[in-house]
Amino acid sequence: MQSHTVDAPNATLHYDIRPGDTPPGNNRQRPLMLIGSPMAAAGFTTLAGHFTDRTVITYDPRGSERSTHTGDTPPTATEHASDIRRVIETVGEPVDLFASSGGAVNALALIAEHPSPVHTLVAHEPPTLEVLPDRAQAEAATRAIAETYAREGFGAAMARFIALVGWEGPVPDDYADQPTPGPAAFGLPTADDGSRDDPLLGNMTGATFFEHDYDALRATDTTIVMAVGETSRDQLPARGAAGVADRLGLEVVVFPGDHSGFLGGEYGQTGKPAAFAARLREVLASNA
């Protein structure tokens, strides 16, 4: 694996390249870029290991792990989209792009503005709240997480986050006012250490409140595949993916596992990475 950096406005981005085993030539497959947000490159170690036949690119989004962010406000989806484009252009050739969660929001923002670097985008469970019939309730619940983080710190806010992400079906009108399990129920710290630099909790609205340009997405030459987990289809991120698919006139494609289906123990979560990788390979091959 080769690690590199590239400078961006108010950021230094760290990215990694795993060269594929296939020699250069007419039959060489496009590089595959794997991204999340705020999940960094380390989260894709297992999934990348299932694609040794092609070059794999991963990166740390600005403000996550190795990548810096020196702006006065949290990064926006538009900034992340520019960063992704910058990494692709540094590599020097178009890619297929698998993007999960906030990374899928950022990737959709990218191809709405600059589709040429991406041949096929597999957007896995973007938590896009604007497409939900219960948008107001979901946004209120998200704001409650951000407010809890500002007031009580990491453990309490992350407990609220886990509860919301796992919620099945529409968010009730009074959800934001309901009590949620305390941090101890999830093995999280109960004390507030005073820090407020978590890239997820510190920017809860950055991805979830982003409004996509659906006219541009419908007009793009990039092939868009909206993906959901087989066991998370009624949860917020997958419902967001289904809503985006509906706006674009697409059917969702079902992947093994849940929102974390591609993980192989990274960050303490294990999905179904072998089956997930096989499905991703199948989807990319059918859109080659």
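- For Gln2, the CD atom is densely surrounded, since the number of other residues' heavy atoms within 6.0 Å is greater than 12.
- For the atom pair OG1 (Thr55) and CZ (Arg30), the distance works out to 12.5 Å, reported to the nearest 0.5 Å.
- You'll find the ring centres of Tyr149 and Phe154 outside the 6.0 Å limit.
- Using cut-offs of 30° and 60° for the angle between ring planes, the His259 and His124 rings count as parallel.
- Looking only at atom types and distance, the side chain of Thr148 has a donor-acceptor partner in the side chain of Arg160 under 3.5 Å away.
- Residues Phe210 and Asn106 form no side-chain contact, since every pair of their non-hydrogen atoms from C-beta on lies 4.5 Å or further apart.
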### Query
side-chain contact (heavy atoms from CB on, under 4.5 Å) between Val95 and Thr120: does it pass, once the steps are laid out?
CA-CA 8 Å; Val95 301; Thr120 298; over 6 Å; no

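- Side-chain contact between Thr220 and Ile224: present, with at least one pair of heavy atoms (C-beta onward) separated by less than 4.5 Å.
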### Task
Mind running side-chain contact (heavy atoms from CB on, under 4.5 Å) on Arg239 and Leu132 for me, showing each step along the way?
CA-CA 7 Å; Arg239 293 177 60 223; Leu132 302 179; 3.8 Å; yes

### Intermediate values then yes/no, salt bridge (Lys or Arg N to Asp or Glu O under 4.0 Å), Arg86 and Asp7
CA-CA 9 Å; Arg86 191 178 300 270; Asp7 290 331; over 6 Å; no

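- The environment of CG in Asp174 is crowded: more than 12 heavy-atom neighbours from other residues, nucleotides or ligands sit within 6.0 Å.
- Remark: the backbone N or O of Ala42 is paired with a side-chain donor or acceptor of Thr45 at under 3.5 angstrom.
- Counting only distance, with no hydrogens or angles, the side chain of Asp134 and the backbone of Gln137 share no donor-acceptor pair below 3.5 Å.
- Between Glu139 and Arg135 there is a salt bridge, since a side-chain N of the basic residue sits under 4.0 Å from a carboxylate O of the acidic one.
- Two different hydrophobic clusters hold Leu284 and Val228 under the rule that ILVMFWY side chains link at heavy-atom gaps under 4.5 Å.
- Without hydrogens or angle criteria, Asp258 side chain to Gly271 main chain gives no donor-acceptor distance under 3.5 Å.
- Here the closest heavy-atom approach between residue Glu130 and residue Arg247 is recorded as O-NH2, 3.7 Å.
- For the pair Val254 and Gly229, the tightest heavy-atom approach, listed with the atom from each and the gap, is CG1-C, 4.4 Å.
- For the atom pair CG (Asp197) and NE2 (His69), the distance works out to 12.5 Å, reported to the nearest 0.5 Å.
- Between the CD1 atom of Ile35 and the CD1 atom of Ile88 there is a distance of 7.5 Å, given to the nearest 0.5 Å.
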### Query
Can you check side chain to side chain donor-acceptor pair (under 3.5 Å) on Glu266 and Thr46, steps first, answer last?
CA-CA 8 Å; Glu266 297 90 346; Thr46 299; 2.6 Å; yes

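- Listed here is the closest heavy atom pair of Glu125 and Ala238: OE2-CB, 3.4 Å.
- Put simply, the side chain of Met158 reaches to within 4.5 Å of the side chain of Leu201, judged on heavy atoms.
- Close placement of the Phe98 and Phe276 rings is indicated, their centers lying within 6.0 Å of each other.
- Applying the side chain to side chain donor-acceptor pair (under 3.5 Å) test between Arg66 and each of Thr5, Asp16, Thr12 identifies Asp16 as the sole match.
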#### Entry: side-chain contact (heavy atoms from CB on, under 4.5 Å) evaluation trace for Thr128 with Thr208
CA-CA 5 Å; Thr128 300; Thr208 55; over 6 Å; no

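- The hydrophobic clustering, which links ILVMFWY residues whose side-chain heavy atoms are closer than 4.5 Å, places Ile57 and Leu280 apart.
- Considering only heavy atoms from C-beta on, Trp167 stays 4.5 Å or farther from Leu236 through its side chain.
- Atom CD of residue Glu251 and atom CG of residue Leu248 lie 12.0 Å apart, to the nearest 0.5 angstrom.
- Salt bridge absent: Arg233 and Glu168 never bring a charged side-chain N and a carboxylate O closer than 4.0 Å.
- Within the 4.5 Å cutoff, the side chain of Pro126 has heavy atoms near those of the Met226 side chain.
- Residue Arg85 comes nearest to Pro117 through the heavy atom pair CG-CG, 4.4 Å, listed as atom of the first residue, atom of the second, then distance.
- Both Phe186 and Val165 are members of a single hydrophobic cluster when ILVMFWY side chains are connected at heavy-atom separations under 4.5 Å.
- The main-chain N or O of Asp21 is never found under 3.5 Å from a side-chain atom of Asp53 such that the two would form a donor-acceptor pair.
- The distance from the NE2 atom of His212 to the CG atom of Leu108 is 5.0 Å, given to the nearest 0.5 Å.
- Each of Phe51 and Leu97 belongs to its own hydrophobic cluster when Ile, Leu, Val, Met, Phe, Trp and Tyr are linked at side-chain heavy-atom distances under 4.5 angstrom.
- Contact between Arg62 and Ser67 at its shortest, heavy atoms only, is CA-CB, 3.9 Å.
- Under the 4.5 Å side-chain criterion, counting only non-hydrogen atoms from C-beta, Val122 is in contact with Phe255.
- The side-chain contact (heavy atoms from CB on, under 4.5 Å) test with Pro38 singles out one residue from Pro61, Ser64, Ser101, and that residue is Ser64.
- A donor-acceptor pair is defined here as one N or O able to donate and one able to accept, closer than 3.5 Å; no such pair exists between the side chain of Ser232 and the backbone of Gln235.
- Hydrophobic clustering of Ile, Leu, Val, Met, Phe, Trp and Tyr side chains at less than 4.5 Å, counting indirect connections, keeps Val283 apart from Met33.
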### Query
Can you list the steps and then say if Leu164 with Thr142 is a side-chain contact (heavy atoms from CB on, under 4.5 Å)?
CA-CA 8 Å; Leu164 179 61; Thr142 302; 4.0 Å; yes

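- Within the 4.5 Å cutoff, side-chain heavy atoms of Leu34 are placed close to those of Leu32.
- One finds the CG atom of Leu110 at 9.0 Å from the CD atom of Glu113 (value rounded to the nearest 0.5 Å).
- Salt-bridge check for Arg279 with Glu282: passed, with a basic side-chain N closer than 4.0 Å to an acidic carboxylate O.
- Summarising the geometry of Val253 relative to Val225, their closest heavy-atom pair is CG2-CG1, 3.6 Å, with the distance given to 0.1 Å.
- Between the side chain of Glu230 and the backbone N or O of Gly257 there is at least one donor-acceptor pair closer than 3.5 Å.
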